[in-house]
Protein chains: 2
Amino acid sequence: MTSISNSDAALSIDLQPPAESSPLVRKLGSLCLMTADEIEFLEGLQNNTVVIEAGADFVAEGDTRSTTFILIEGWAIRYTALSDGRRQILSFAVPGDILGLHINFNAQATYSAAAMNKLKLAAVDPRRILEIYQKYPILASGLSWCTAREFAILGDQAVRLGRLPARARLAHLLLELWYRLELIGKNEGRWLEMPMTQLDLADTLGLSLVHTNRSLAGLRRSGLIEVKKDYIKLLDIEALTELSEFNPDHLAEFSI
Amino acid sequence: MTSISNSDAALSIDLQPPAESSPLVRKLGSLCLMTADEIEFLEGLQNNTVVIEAGADFVAEGDTRSTTFILIEGWAIRYTALSDGRRQILSFAVPGDILGLHINFNAQATYSAAAMNKLKLAAVDPRRILEIYQKYPILASGLSWCTAREFAILGDQAVRLGRLPARARLAHLLLELWYRLELIGKNEGRWLEMPMTQLDLADTLGLSLVHTNRSLAGLRRSGLIEVKKDYIKLLDIEALTELSEFNPDHLAEFSI
DNA sequence: GGTAGAATTTAATCTATGTTAACGTCATTA
DNA sequence: TAATGACGTTAACATAGATTAAATTCTACC
């Protein structure tokens, strides 16, 4: 907003999208050189914004109204609820992420989505996503990359849940979030934003609340992390990586 | 091959793809009405076939040569190997499934893929997938559906691993495979093809081999399944569904 | 048709994680 | 400043599932 004056006043020679652009445009812009046309289309997609209060669901499993959402501000979760009230969180979504990029038209949502904190998101007709593939080849590659990445993230989640012990699961997730936030420029020093409660963390890691707390304490006592309200500091990324067998290449950037 | 004579001799009025067509064409054909042009393109994609021996890897995690594979015959797995030799199988692929539908160009494969039994698959340049999106709108919707389905399958796998006890995990997986094979017409009565060993099953369910065997025995003793070499009979689908909280809608068909 | 190696089954023991319950801390509001 | 409620921490005990090992049954191959 303040930066408008700077692009007015000075001759802009930036090839990168301007600073006031959406997180999605910034994210894709750091990976591929989109045309002005493509950037404009992508920004235009995000005109219809919605605000969701912290804790509220904005997609419910079984919904037949399918909408694609682009996350602009705040964190969201995708999750599945079980009959006894327990939950499995499938993944976190951060600004620049797309929920429902590939939709079963005429089918039901296979998971619910909720806001971790106050959310701003763009509601997009999924038909416009197919339009991207038809008309904007660079964007299409970008979206294909997003899809592959979501797959890798969910696959890593399965590995965590299926084969890693509690502390490694936690370390692995912290590193995933670290690299994802890194890409959108949200890490400050080694402090990682952690807006979720330990109960949310437990439901992500497939652990009980108490054991999640124990695992957190374990990493803390080993000198690997430092914890404060809403933030965790990664004190030794190398050790965390080794402990959890995390592979950063799964989240690596690409370039065209 | 023998059926060529029938389409030569008689006047064909089928709207459905002919019987000798590929599993992928049959799968999509049961969901949407493709044009002759689209069917031809899809079959043409699968000209370059490869045979893989049982047990062999055909994608290794970290590979930078990215290829899309369409499974024509046999079963495959996607998996991640850990440093101590343990494995987490992410999902099974059956005829008609596509591996690497969305590829990170210039990036590494994030999982390995191996043949469960002898495999016939088509190797496709991933650029031709993007071509589909540009030129064949019906096919594009079909592929979008495939992607959403793969997501749902992997999400269900995360729920199994994170929140279900051993026997429910097993029941849940059996039902998933049941509905998937149903779609491609591979179920005989209530007998479900199970070409994997109990070790493979264990690596899918995130359990030890011994406990997988116990879980299998548990379901058998409860009268829910009957086991024979390479097949499992689902004796009580309703009870299995309730036990595992399986939701068949996740794999539901769609139609345009 | 016999044999070696693979796959399955069962039992005994151990451990990581779940469960329950109590207590602490902090922020909000009365 | 007290009361409340959400969230975090810790301890004691219970249990599902891991591990190890050995026996048994398949099955592919000679």
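Just so it is clear: chains get the letters A, B, ... in the order the sequence lines come, proteins before strands, and each one is counted from 1.
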Closest to the [X] side chain, choosing from [options]:
| X | options | value |
| --- | --- | --- |
| A/Thr197 | D/dG17, D/dT27, D/dG8 | D/dG8 |
| A/Gln198 | D/dG8, C/dT8, D/dG17 | D/dG8 |
| A/Arg221 | D/dT27, C/dT8, D/dT10 | D/dT10 |

Any chance you could lay out the salt bridge (charged side-chain N to carboxylate O under 4.0 Å, His left out) test for A/Arg86 and A/Asp84, step after step, and finish with the verdict? CA-CA 6 Å; A/Arg86 290 178 312 144; A/Asp84 59 0; 3.0 Å; yes
For atom [atom1] of [X] and atom [atom2] of [N], their distance in whole Å:
| X | N | atom1 | atom2 | answer |
| --- | --- | --- | --- | --- |
| B/His211 | C/dT10 | NE2 | P | 14 Å |
| B/Leu205 | D/dA16 | CG | P | 18 Å |
| B/Lys229 | D/dA28 | NZ | C1' | 10 Å |
| B/Asp230 | D/dA28 | CG | P | 9 Å |
| A/Arg160 | C/dA16 | CZ | P | 21 Å |
| B/Arg220 | C/dT8 | CZ | C1' | 10 Å |
| B/Asp200 | C/dT8 | CG | C1' | 13 Å |
| B/Leu216 | C/dT10 | CG | C1' | 14 Å |

Check the side chains of B/Gln46 and B/Ser22 for a donor-acceptor pair under 3.5 angstrom, ignoring hydrogens and angles. yes
Any N or O donor-acceptor pair under 3.5 Å from the base of C/dG18 to the side chain of A/Arg214? yes
Mind checking whether A/Phe246 and A/Tyr179 have parallel, tilted or perpendicular rings, split at 30° and 60°? parallel
Phosphate oxygens OP1/OP2 of C/dT9: is one of them under 4.0 Å from a side-chain N or O of B/Asn213? yes
Go nucleotide by nucleotide along DNA chain C from the 5' end; which of A/Pro165 and A/Val210 gets its closest nucleotide reached first? A/Pro165
Mind checking A/Leu209 for me? I need base, sugar-phosphate or nothing, with any heavy atom below 4.0 Å counting as a touch. nothing
Interatomic distance, CZ@A/Phe58 vs OG@A/Ser112, rounded to 0.5 Å, equals 10.0 Å
Side chain to side chain contact (heavy atoms under 4.5 Å, CB included), paired with A/Pro23, selected from A/Val94, A/Ile72, A/Ile184: A/Ile72
